[in-house]
Amino acid sequence: QVQLVESGGGLVQAGDSLRLSCAASGSQFSRYAVAWFRQAPGKEREFVADISRSGNSDYADSVKGRFTISRDNSKKTVGLQMSNLKPEDTAVYSCAARHTILTMPLSRAADFWGQWGQGTQVTVSS
């Protein structure tokens, strides 16, 4: 089982870029898929992106073309590069992980993901 810690959040202006990082501790990180979710005040938590253990990625339509998820198994980290940020991207961003087998399809549902970090705040001003 892995433990997750997010970092990199902050206050930026619309159009700026920001990179979030999700650092994992524990063993067998390379066998985990990792996802990013976000939750804005008063709104439901929503899927942002995920990356499989083989490196395949999936994005929510709202961030496709602006956000890029990547992983470095040697460092046990997953990054979320966010560009052209918009005020509607303001939220607490959390990473989540699940131990998977290679053929397991991933899900955008939050309850698919077993381990969660505590979150990092991203605020985009207009």
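None of these values were measured; they are calculated from a predicted model.
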Measure from the side-chain N and O atoms of Asn73 to the backbone N and O of Lys76, and report whether any donor-acceptor pair falls under 3.5 Å.
no
Closer than 3.5 angstrom, by distance alone: can the side chain of Thr68 be matched with the main-chain N or O of Gln81 as a donor-acceptor pair?
no
Show your reasoning for whether salt bridge (Lys or Arg N to Asp or Glu O under 4.0 Å) applies to Asp58 and Arg108.
CA-CA 9 Å; Asp58 182 34; Arg108 297 184 175 190; 2.9 Å; yes
Distance (rounded to the nearest 0.5 Å) between [X] [atom1] and [Y] [atom2]:
| X | Y | atom1 | atom2 | result |
| --- | --- | --- | --- | --- |
| Ser27 | Tyr32 | OG | OH | 6.5 Å |
| Ser126 | Glu88 | OG | CD | 10.0 Å |
| Phe112 | Thr100 | CZ | OG1 | 7.0 Å |
| Arg98 | Ser107 | CZ | OG | 8.5 Å |
| Met104 | His99 | CE | NE2 | 9.0 Å |
| Arg71 | Leu80 | CZ | CG | 14.0 Å |

Taking every non-hydrogen atom, the tightest pair across [X] and [Y]:
| X | Y | answer |
| --- | --- | --- |
| Arg45 | Gln39 | N-NE2, 3.8 Å |
| Glu6 | Ser94 | OE2-CA, 3.2 Å |
| Leu106 | Ala33 | CD2-CB, 3.7 Å |
| Ile69 | Val34 | CD1-O, 4.0 Å |
| Gly9 | Thr120 | N-OG1, 3.2 Å |
| Trp113 | Ala96 | CB-CB, 3.6 Å |

Can you find a side-chain donor-acceptor pair between Gln121 and Thr123 that sits under 3.5 Å?
yes
In terms of side-chain heavy atoms, does Ser25 have a donor or acceptor partner in Gln3 at a distance below 3.5 Å?
yes
Salt bridge (Lys or Arg N to Asp or Glu O under 4.0 Å) filter on Asp89, not counting sequence neighbours, yields Arg38, Arg66
NZ or CZ of Arg53 within 45° of Phe29 ring axis and under 6.0 Å
no
Are any non-hydrogen side-chain atoms of [X] and [Y] less than 4.5 angstrom apart?
| X | Y | answer |
| --- | --- | --- |
| Asp16 | Met82 | no |
| Phe37 | Trp116 | yes |
| Leu18 | Val122 | yes |
| Gln118 | Cys95 | no |

Quick check on the 6.0 Å ring-centre criterion: do Trp36 and Phe67 meet it?
no
Let me see the working for Arg19 and Ser70 under side-chain contact (heavy atoms from CB on, under 4.5 Å), right down to the final yes or no.
CA-CA 11 Å; Arg19 181 177 177 82; Ser70 60; 3.5 Å; yes
Using the side-chain contact (heavy atoms from CB on, under 4.5 Å) rule, take Ile51 and Val78 through it: C-alpha gap first, then chi angles, then the decisive distance, then the call.
CA-CA 9 Å; Ile51 187 164; Val78 169; 4.3 Å; yes
